[in-house]
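Below is one structure; the comments refer to it alone.
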Amino acid sequence: MSNHYDALGVSRDATPEEIKKAYRKLARKLHPDVNDAADAQDRFKAVTHAYEVLSDPGKRRIYDTTGNENGNSNGGGGGNYDGQGFAFQDIFETFFGGGGGQGHGPASRMRRGQDALITVRIDLSEAVFGVNKKLEIDTAVTCPTCEGSCCRPGTSPVTCDVCNGAGQIQRPMRSILGNVMTLATCNSCQGFGTRIEDPCNECMGEGRVRNRRTLTIKVPAGVGTGTRIQLAGQGEAGPAGGPAGDLYVEMKVNNDPAFLREGDDLHATLSVPMTAAALGTELTLETFDGEQPISIKPGTQAGEIITLRNLGVTHLRGYGRGDLKVHIHVETPTKPDAAQEELLKQLAALRGETFTEGKLVSSGGMFAKLRDKLGNL
């Protein structure tokens with residue numbers, strides 16, 4: 001386990017104010033939004049965790065004693081143990097229970113804020129190349145008036161005169177072992193060891209307020225509907241100046257009128273006149289990369305697919321892009337005029353096709369071969 005004091009760059013006898021100051025400095029430096037180093041997010045999480053432990057008097061006391069904020073010691077300095085490694089205090093709590101956190105000192109008002117989830121819609125073109133998106137978020141932020149202290153400026157919490165700052169009080173209890181003393185949470189200060197007698201008027205003593213703030217996020221190329229982006233430390237601010245939770249941004253990609261996405265490939269339909277499909281031609285298709293030439297070979301059939309390499313969606317993980325697949329749709333005249341109908345009949349005659357009452361009764365050489373074969377039976 002890394003040393004929390006080393007993570008924050010403070011000495012073991014640092015004051016709470018020095019710890020808070022060191023955390024804020026490192027958080028601004030290591031936040032993933034401003035630091036694109038590969039290990040920035042992991043270091044940011046380590047610094048935030050170290051601050052959560054060392055800013056809580058009870059957790060810090062346990063950490064200083066056992067080297068572990070959970071109170072697990074590997075032998076020495078962490079409490080009274082019997083020969084098999086069980087703490088007598090743990091045995092006592094197993095039988096007699098009592099208020100949570102017995103012997104751990106006063107609780108901290110400072111807690112980590114909740115994670116938040118928002119949904120952001122983007123166009124397909126933005127998903128192909130990525131985009132910077134400006135968001136307005138309605139969330140909890142640290143109170144600007146008291147800066148998370150919960151107290152009116154110029155005042156501070158006062159030590160509870162009932163528990164003398166311990167956050168717990170002793171109560172006698174009769175048991176099979178005789179009269180024993182148990183610890184219970186102090187009702188006067190709710191276990192905090194201090195009382196806020198003059199709370200901040202803006203946040204009503206919570207240390208945070210609701211506010212709308214603007215945030216710009218970088219949406220990477222290749223995201224799809226359901227992709228979530230985690231922004232560490234951009235969620236709800238914690239009570240009493242506690243560190244903020246994380247913000248999760250879930251992407252929703254709008255349907256595009258011209259392109260259909262399947263994985264990282266794009267599909268489009270290109271309509272080609274019947275004559276152009278028969279004779280061949282050069283057309284252009286408007287894509288997300290601009291106009292692209294499409295070569296229609298003579299005799300192109302309806303349903304054929306022309307693939308344009310690397311014009312699809314950027315791969316979210318890895319390199320390169322998918323393909324753009326162009327589906328050919330051959331346009332057939334639906335209501336030809338008299339001149340067009342005559343030309344079509346001439347074309348049919350040249351192909352050896354015979355129509356009677358609107359029905360194809362022969363098809364050039366194929367019909368003749370079939371007739372000869374039947375005649376030989």
Side-chain angles (χ1 to χ4, degrees), residues 7 23-52 111-142 208-239 241-267 287-289 310-324:
Y23 166 71
R24 288 184 174 179
K25 180 179 179 181
L26 288 172
R28 287 193 295 266
K29 177 182 177 182
L30 298 174
H31 197 283
D33 283 350
V34 298
N35 191 329
D36 57 2
D39 61 344
Q41 184 167 342
D42 290 337
R43 292 178 61 194
F44 179 80
K45 290 181 177 179
V47 166
T48 300
H49 179 61
Y51 179 64
E52 289 178 359
R111 298 192 303 277
R112 181 181 183 274
Q114 292 183 333
D115 294 337
L117 172 65
I118 62 173
T119 300
V120 173
R121 284 192 169 274
I122 62 173
D123 293 332
L124 180 57
S125 60
E126 296 173 325
V128 171
F129 300 110
V131 66
N132 289 329
K133 225 38 171 171
K134 183 177 289 187
L135 311 177
E136 286 194 352
I137 306 172
D138 185 10
T139 185
V141 299
T142 300
R208 60 180 181 172
V209 294
R210 303 297 299 186
N211 194 12
R212 181 173 291 272
R213 61 189 178 97
T214 301
L215 176 68
T216 300
I217 66 169
K218 182 178 181 180
V219 179
V223 299
T225 294
T227 300
R228 286 189 178 184
I229 301 173
Q230 180 183 6
L231 302 176
Q234 293 293 341
E236 300 272 340
D246 296 340
L247 174 64
Y248 292 86
V249 181
E250 184 172 274
M251 310 309 301
K252 295 287 187 181
V253 181
N254 297 323
N255 292 330
D256 189 271
F259 298 95
L260 175 67
R261 177 178 180 178
E262 288 187 357
D264 287 340
D265 290 336
L266 295 176
H267 295 261
T287 72
F288 293 134
D289 294 84
N310 299 316
L311 291 183
V313 181
T314 303
H315 299 313
L316 182 60
R317 296 175 179 82
Y319 301 94
R321 297 169 59 181
D323 299 329
L324 171 58

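Everything quoted here is computed from the prediction, not taken from an experiment.
The two residues Lys218 and Pro220 have their closest heavy-atom pair at O-CD, 3.4 Å. Heavy-atom minimum distance, Ala237 versus Arg208: O-NH1, 2.7 Å. Heavy atoms only, all atoms of each residue included: Val128 and Ala221 are closest at O-CB, 3.5 Å.
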> Can you list the steps and then say if Asp123 with Asp256 is a side chain to side chain contact (heavy atoms under 4.5 Å, CB included)?
Replying inline: CA-CA 7 Å; Asp123 293 332; Asp256 189 271; over 6 Å; no
> Going through the checks in order, is the side chain to side chain contact (heavy atoms under 4.5 Å, CB included) test met by Val141 and Val209?
Replying inline: CA-CA 6 Å; Val141 299; Val209 294; 4.0 Å; yes
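Distance CG/Leu135 to CG/Leu231: 8.5 Å, rounded to 0.5 Å. Atom OG1 in Thr287 sits 6.5 Å away from atom CG in Leu324 (nearest 0.5 Å). A distance of 6.5 Å separates OG1 of Thr142 from CZ of Arg24, quoted to the nearest 0.5 Å. For the atom pair CG of Leu215 and CD1 of Ile118, the computed distance is 7.5 Å after rounding to the nearest 0.5 Å. From Asp265, atom CG reaches atom CZ of Phe259 across 13.0 Å, with rounding to the nearest 0.5 Å. We find the CZ-CG distance between Arg121 and Asn254 to be 5.0 Å, quoted to the nearest 0.5 Å.
Side-chain contact between Val223 and Leu316 is present, with heavy atoms from C-beta onward closer than 4.5 Å. A 4.5 Å side-chain heavy-atom check between Leu266 and Phe288 finds at least one atom pair inside the cut-off. Phe44 has its side chain out of reach of Leu26: every pair of non-hydrogen atoms, C-beta onward, lies at least 4.5 Å apart. Between Glu236 and Arg210 there is a side-chain heavy-atom pair separated by less than 4.5 Å. Between Val120 and Val219, every side-chain heavy-atom pair lies at or beyond the 4.5 Å cut-off.
Here the side chain of Arg261 pairs a donor or acceptor atom with the backbone of Gly263 at under 3.5 angstrom.
Looking at residues two or more places apart in sequence or on another chain, you find no ring-ring contact (aromatic ring centres under 6.0 Å, His included) involving His315. Residues forming a side chain to side chain donor-acceptor pair (under 3.5 Å) with Asp289 (at least two apart in sequence, or on another chain): Arg321.
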Listed pairs under 3.5 Å, donor-acceptor, residues 243-253 side chains, sequence neighbours left out:
| from | atom 1 | to | atom 2 | distance (Å) |
| --- | --- | --- | --- | --- |
| Asp246 | OD1 | Gly233 | N | 2.9 |
| Asp246 | OD2 | Gln230 | NE2 | 2.8 |
| Tyr248 | OH | Gln230 | NE2 | 3.4 |
| Glu250 | OE1 | Arg228 | NE | 3.0 |
| Glu250 | OE1 | Arg228 | NH2 | 3.3 |

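The neighbour count for Asp39 CG, taken as heavy atoms of other residues, nucleotides or ligands under 6.0 Å away, is above 12.
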